Amino acid sequence: MPLATIDLPSLGEILKDSPGWLDEAVDTAEASRIVGFPVCTLHTWRSRGEGPPFLKIGTRSVRYQRRTLFQWLAERQRRNTADDGGDHG
């Protein structure tokens with residue numbers, strides 16, 4: 001059974017309509033959807049000083065900028081399983 005194709009807007013189209021979209025701060029649930037890890041994993045990473053950088057506003061409020069989440073993901077992109085991310089150039 002073929003998967004249905006969904007026409008998603010390009011990043012350029014999103015930014016044209018909402019120029020500040022990448023810099024908006026999102027809550028942990030939205031950050032979880034963006035990076036593809038459960039909310040509890042983000043909580044654990046924060047307590048260990050791991051995972052994507054976040055904003056702490058006040059004593060309890062945590063937010064993530066979309067731009068930072070996408071950059072964090074891009075930094076982890078690899079070409080193969082042996083690629084440790086170092087420059088092998």
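Predicted model, so just to flag it, every value in this text is computed and none were measured. Counting begins at 1 with the first residue of the sequence.
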In residues 31-42, what donor-acceptor pairs under 3.5 Å come from side-chain atoms, sequence neighbours left out?
from, atom 1, to, atom 2, distance (Å)
Ser32, OG, Phe37, O, 2.5
Arg33, NE, Glu30, OE1, 3.1
Arg33, NH2, Glu30, OE1, 3.0

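Each salt bridge (Lys or Arg N to Asp or Glu O under 4.0 Å) pair with one or both residues in residues 42-51, not counting sequence neighbours, would appear here, but there are none. Pairs passing the salt bridge (Lys or Arg N to Asp or Glu O under 4.0 Å) check and including a residue from residues 58-75, sequence neighbours excluded, read Asp23-Arg67, Glu24-Arg66. For residues 58-77, the ring pair (Phe, Tyr, Trp, His ring centres under 6.0 Å) pairs, not counting sequence neighbours, are Trp45-Trp72. Pairs engaging residues 34-45 under the salt bridge (Lys or Arg N to Asp or Glu O under 4.0 Å) rule: none recorded [sequence neighbours left out].
Heavy atoms from other residues, nucleotides or ligands lying under 6.0 Å from CZ of Arg76 number more than 12. Residue-environment remark: CG (Asn80) exceeds the threshold of 12 foreign heavy atoms within 6.0 Å.
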**OP:** Given side-chain contact (heavy atoms from CB on, under 4.5 Å), test Ile14 with Leu22 step by step and report yes or no.
**Re:** CA-CA 9 Å; Ile14 291 171; Leu22 273 178; over 6 Å; no
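Ser18 places no side-chain N or O within 3.5 Å of a backbone atom of Trp21 that could act as its donor or acceptor partner.
Side-chain contact between Val62 and Ile57 is absent, with no heavy-atom pair separated by less than 4.5 Å.
Residues meeting the side chain to side chain contact (heavy atoms under 4.5 Å, CB included) test with Asp17, sequence neighbours left out: none.
When hydrophobic clusters are built by joining Ile, Leu, Val, Met, Phe, Trp and Tyr residues whose side-chain heavy atoms come closer than 4.5 Å, directly or via intermediates, Leu73 is not grouped with Leu55.
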